[in-house]
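One-based numbering along the sequence shown.
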Amino acid sequence: TDDGHVDMRNLGEVISVIKDTPLMKKIPATQGTNGLSITGKTIIAASGIDSDFQLYPGSSISPIDSNLLVADIDGTPLIHASGIAIDNLLTVKSINATSGHVSFNGSIFVQEDIEPGMKVSAEGSITVGGFIENAEVNAKGDITVMNGIIGRPVADEESLTCSVTSEGKVTTKLAQNAHIMAHSDIHITLHANHCILESLGSIFVIDNTEKHGTISGGKATANGFIKTANLGIEGGAYTKIQAFYDFSAQKEMLHSLQKRYDDISSQIIKIEQINIERQSPELAEKILRSKEKSNQDLLLLKSTLEREHITFNSNLKTNHIFVTNKIFPRVDIQFNTEHLVTKREYSPSKISYSGYDIGIEPVMIGKK
């Protein structure tokens, strides 16, 4: 590594290719050259025997060179005598010091566990049949972990030892001392203890019955809404939670759009106050063109402003925190810059933000 240490788990990258990569080249058979025996007699050369490609899934003959085989998809090449198959799913039993770190252009299926200290990245999705433990896992697609995502406890100022990042969604049974980031939703069935959860979508820590699922300790931040059965834990750690994280950015964008709308409106009013008849023909035409363009800009901006207002109001109406069982003391609830710290237990509730203050409203939970 750059600091002079050796990463004994780094055994080199998994061999993989991207679409259109040249895989195998055929050298056409040629006519042999006649030779001579030791007595000077001519030895007639045998002709070369031509061989065709055998096509396998994931590869094809290049449209610009019939002697070249290219990849149709991203994945790992499986080499045969006269052709190559491409598999966009890499299947491994487990990822540990024996396998080394894994980086793959397609998707990865790990039958058992991703063990401590390992680094795994995929251009597709990652599915783990067991646990991710104290590892660094990144995927362009979804990450699905059948059992759980587990790190070890660290001091407050230290980074968590288990990091899982997905440009899709993350789904797991449980999470503990882990940093989980998703561009889409995060789904956890049982509990998220002392985790950092960050989602550009929504966060669910709840099972299908909506009776089990707990967020305790750590921090959960969602751009959408958050739903869990229990928020905090009795006598437990301080828990931070924030929904509709993008509130201030969306509000600022609306203010910016409104200011542009008002500026253009003022500009049109000033143009209309100009006496066109007193201007030269060239200047009058220029003023009229400017007015026409400003009116077109105003119509477009009005449409954008109305659309963004609808989106913002819809988000404000739906991006709440829903708790189906109990909210415990020592939960720091945040919307925008407003904070509310619970000092008692609450029954099933909806925590919402009016745009000015935070409210906790009891709700009735139907039987599942």
Side-chain angles (χ1 to χ4, degrees), residues 1-2 6-112 114-115 118-129 135-144 165-169 183-184:
T1 60
D2 292 339
V6 175
D7 183 354
M8 300 300 291
R9 297 179 177 86
N10 188 353
L11 305 182
E13 293 187 2
V14 175
I15 297 174
S16 59
V17 297
I18 61 174
K19 185 180 178 181
D20 296 327
T21 298
L23 301 173
M24 180 179 280
K25 187 174 181 64
K26 184 180 83 167
I27 300 174
T30 59
Q31 176 65 44
T33 303
N34 292 341
L36 293 172
S37 72
I38 58 172
T39 60
K41 295 177 66 175
T42 300
I43 301 174
I44 304 300
S47 298
I49 300 173
D50 208 18
S51 178
D52 292 327
F53 285 124
Q54 183 174 352
L55 295 180
Y56 293 91
S59 66
S60 62
I61 296 172
S62 169
I64 59 175
D65 185 352
S66 60
N67 292 318
L68 188 65
L69 199 65
V70 296
D72 287 339
I73 57 175
D74 299 348
T76 185
L78 307 175
I79 302 173
H80 300 275
S82 55
I84 295 180
I86 304 295
D87 190 348
N88 65 352
L89 176 65
L90 175 66
T91 301
V92 294
K93 185 175 182 181
S94 60
I95 297 178
N96 49 35
T98 301
S99 67
H101 302 317
V102 175
S103 177
F104 187 59
N105 280 329
S107 297
I108 300 174
F109 173 51
V110 183
Q111 295 173 333
E112 296 179 359
I114 299 178
E115 297 183 11
M118 305 312 300
K119 297 178 181 179
V120 182
S121 63
E123 292 295 311
S125 299
I126 297 176
T127 302
V128 181
E136 182 181 320
V137 180
N138 300 280
K140 291 287 182 67
D142 298 338
I143 296 178
T144 303
T165 304
S166 167
E167 292 188 18
K169 66 182 179 181
H183 285 202
S184 185

Going by heavy atoms in the side chains, are [X] and [Y] under 4.5 Å from each other?
| X | Y | answer |
| --- | --- | --- |
| Val92 | Ser99 | no |
| Leu55 | Leu69 | yes |
| Lys19 | Ile73 | no |

Atom [atom1] of [X]: over 12 foreign heavy atoms under 6.0 Å:
| X | atom1 | value |
| --- | --- | --- |
| Leu36 | CG | yes |
| Ile18 | CD1 | no |
| Lys25 | NZ | yes |
| Lys26 | NZ | yes |

Any chance you could measure Gln111, atom CD, to Ile95, atom CD1, to the nearest 0.5 Å?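 Between Gln111 CD and Ile95 CD1, I get 11.0 Å after rounding to 0.5 Å.
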For the pair [X] (side chain) and [Y] (backbone), establish whether a donor and an acceptor sit closer than 3.5 Å, ignoring hydrogens and angles.
| X | Y | result |
| --- | --- | --- |
| Ser184 | Lys169 | no |
| Ser59 | Ile84 | yes |
| Ser166 | Gly141 | yes |

Modelled atom types, side-chain donor and acceptor of Asn34 and Thr42, under 3.5 Å: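 Short answer, no.
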Ser125 side chain to Ser107 side chain, donor-acceptor N/O pair below 3.5 angstrom: no
